[in-house]
Asks: 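Pasting in a structure now, in structure tokens, and then I'll have a few things to ask.
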There are 2 protein chains.
Amino acid sequence: MTDPLYRQIAQDLRGQIQTGQLPPGAQLRTELELREHYKASRNTIRDAIKWLVSSGLVETRPGQGTFVVEKIDPFVTTLSEDPETGLGGGEGEAAFAEVRERGRNPTRIGPRVELRQAVGNVATRLRIEEGTQVVSRHWERFIDGIPWSLQTAFYPMDLVTRGAHQLLMAEDVPDGSVAYLKQTLSLVQVGYRDRILVRAPNEEESRFFRVADDGRIPMISIMRTSYQATDEGPVPFRVTYTNLPADRNQLVVNFGEVPPARAAAASLDPPRS
Amino acid sequence: MTDPLYRQIAQDLRGQIQTGQLPPGAQLRTELELREHYKASRNTIRDAIKWLVSSGLVETRPGQGTFVVEKIDPFVTTLSEDPETGLGGGEGEAAFAEVRERGRNPTRIGPRVELRQAVGNVATRLRIEEGTQVVSRHWERFIDGIPWSLQTAFYPMDLVTRGAHQLLMAEDVPDGSVAYLKQTLSLVQVGYRDRILVRAPNEEESRFFRVADDGRIPMISIMRTSYQATDEGPVPFRVTYTNLPADRNQLVVNFGEVPPARAAAASLDPPRS
DNA sequence: GCAAATTTGTTCGTATGTATT
DNA sequence: CAATACATACGAACAAATTTG
């Protein structure tokens, strides 16, 4: 019936955070002080704090203390295509422009170009045999110096042998790869499908984004399959993975006619039900 | 340099899970057995298991043991509009149809209809004053008996006074509210914007979806603003919140021409970088 | 620059409670 | 009812990170 002690303590502290009595950035009393205050053992206090950490309300810093988390101003990525350029939202060039438009400073590292064998979803989505050669182009992106996204695009080797040699160069493709493939191979992108899921970060991601490696902060993973026009209808020519930590990213998708986007990210707004 | 003991143990167990040595559903050895095996104290074993729980790899059941989690076959919601019906993906009627199409059994409870004052994002997005009356229609949805989504739609009271009285009825609007508003008020939906973010569940959500209340399993929260045609361009007439637990849901968005969707949900596929 | 003080992190031991079989 | 397994709670000691004097 009654909650365990550590939960009662956690809920009391949570109340203080939610009422603003402990504002973002504020330091909680130390474990020893809380131990006296709640007349519990230090381990029980620590269990309470662990629950708050897991809920994303506080963070602990060894040697310093426990602090109420300060929300990161989230960056908003638009997935829908730009009606003017036809560029897919969230892709290299478009993503870059969108960030700068909002008065923030995007930087990037890459691309790292690799030749690989297609496996799993890459083979499935590109409709090629497992083991077929593909080119992968990998980018690391930052906003205002904060790690923002990891993105990898996979192209069938076929495109290169047919003349798109720029795909092998470890450098930016001017005006973007969609425009390049159109010029070089008359390949016209007619659409794309995004598949969005949420999962725990892997080791590389928790290192790059500097988030805990226990899955506290989830990743938003977007798998995009891009299609070109053919006589037999749309056929895939590229698969792109974009991985974003959920604590600093939101997505926007537009359908039909909508007014211009407002710059502000959505507040979390008491989720209503 | 060296990881703490509980991390080493956790990583060893993680290895056994990832290699399939401990397949999904398998039971781990008990804490006491692991204590002997690793020559550590029971508390240290428990710390290791807690890390695995937090990473979403195992779950503990009091009185039973610790088990490797079995992935739920995720349900895929398409957000893009149906080109035939013009219905927005993921909305009441469309969502229902999509589920049934995939051979799964959707049920629902609702709507619960309430009159409220618009606050926060609801007021902002509908472009009305805070405090203005709005109608909220709330649904609980299930797939194959499993809690799937909580959805709440907000309409300005204005629509009701102009004649859309069905919005106040705590019953399904036949053919959907978009069709109803078109018939009754000649209100034509011309587009919508989805804003997607990921956050920890609140208390009501963790209860309804039967997930841990410490935020281990994140929620995918979609805020949709729907627009009607006017002489001055698109104007919002509805705000819909859809909240989905991330462990059993994926999203799909289509742009331009894409082939028909395949039924299968995306596997998690070693996230590539 | 170093040493001390402060604060959280790790690890052990022990006892008792609660859920399930 | 008994046995088993995880959950809660206390106490204690030392380690590691950080700040302060």
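Lettering follows sequence order; numbering is per chain, from 1. Quick caveat: nothing in here was measured; it's all calculated off a predicted structure.
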Asks: Using whole Å, report how far CD1 of Ile9(B) lies from C1' of dT10(C).
Replies: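 After rounding, the reported distance stands at 12 Å.
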Asks: Can you measure Arg46(B) atom CZ to dA9(D) atom P for me and round it to whole angstrom units?
Replies: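 Atom CZ in Arg46(B) sits about 12 Å away from atom P in dA9(D).
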Asks: Determine the minimum heavy-atom distance between Thr77(A) and Trp148(A), stating which atoms define it.
Replies: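 For Thr77(A) and Trp148(A), the tightest heavy-atom pair comes out as OG1-CZ2, 3.7 Å.
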Asks: Between Thr44(B) and dC12(C), does any side-chain N or O lie under 4.0 Å from OP1 or OP2?
Replies: yes
Asks: Within the structure, does a side-chain N or O atom of Thr60(A) lie under 4.0 Å from either OP1 or OP2 of dG9(C)?
Replies: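 Checking Thr60(A) against dG9(C): at least one side-chain N or O falls below 4.0 Å of OP1 or OP2.
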Asks: Report yes if a donor N or O on one partner sits less than 3.5 Å from an acceptor N or O on the other, where the partners are the side chain of Arg42(A) and the base of dA12(D); otherwise report no.
Replies: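 Looking at the base of dA12(D), it does not pair with any donor or acceptor on the side chain of Arg42(A) (distance under 3.5 Å).
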Asks: May I have the distance from Ile49(A) (atom CD1) to dT10(C) (atom P), rounded to whole angstrom?
Replies: 14 Å
Asks: What's the shortest heavy-atom distance between Tyr38(B) and Gln16(B), and which atoms?
Replies: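 Shortest heavy-atom separation between Tyr38(B) and Gln16(B) comes out as OH-NE2, 3.9 Å.
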Asks: For Glu36(B) and dA5(D), give me the distance from atom CD to atom C1', rounded to whole Å.
Replies: 15 Å
Asks: Write down the atom of Pro74(A), the atom of Gln250(A), and the distance for their closest heavy-atom approach.
Replies: CG-NE2, 3.4 Å
Asks: Atom CZ of Phe67(A) to atom C1' of dT6(C): distance rounded to whole Å?
Replies: 12 Å
Asks: Could you check how far CH2 of Trp51(A) sits from P of dA9(D), rounded to whole Å?
Replies: 14 Å
Asks: Measure from the side-chain heavy atoms of Ala40(A) and tell me the nearest of dA5(D), dC10(D), dT8(C).
Replies: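 Closest nucleotide among those given: dC10(D).
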Asks: Quick test: give all pairs of protein nitrogen or oxygen and nucleotides 19-21 of chain C nitrogen or oxygen below 3.5 Å, distance rounded to 0.1 Å.
Replies:
none

Asks: Would Arg116(A) and Phe154(A) count as a cation-pi pair here, with the cationic atom under 6.0 angstrom from the ring centre and within 45° of the axis?
Replies: no
Asks: Report the residue (Leu5(A) or Thr66(B)) whose heavy-atom-nearest nucleotide on DNA chain D is the more 5′ of the two.
Replies: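 Mapping each residue to its closest nucleotide by heavy atoms, the 5'-most match is Thr66(B).
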Asks: Which atoms form the tightest heavy-atom contact between Asp3(B) and Gln8(B), and what is the distance?
Replies: O-NE2, 2.6 Å
Asks: Under the 3.5 angstrom rule, does the side chain of Asp144(A) hit a backbone N or O of Ile146(A) as a donor-acceptor pair?
Replies: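 The answer is no, because no donor-acceptor pair under 3.5 Å joins these two groups.
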Asks: Taking the basic N atoms (NZ, or NE/NH1/NH2) and the acidic carboxylate oxygens, is any pair closer than 4.0 Å for Arg102(B) and Glu98(B)?
Replies: yes
Asks: Rounded to the nearest Å, what distance is computed from the CD atom of residue Gln27(A) to the C1' atom of nucleotide dT8(C)?
Replies: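 So the CD-C1' distance, Gln27(A) to dT8(C), works out to 11 Å.
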Asks: For Arg35(A) and dC10(D), what is the distance between atoms CZ and P respectively, to the nearest whole Å?
Replies: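 Between P of dC10(D) and CZ of Arg35(A): 11 Å.
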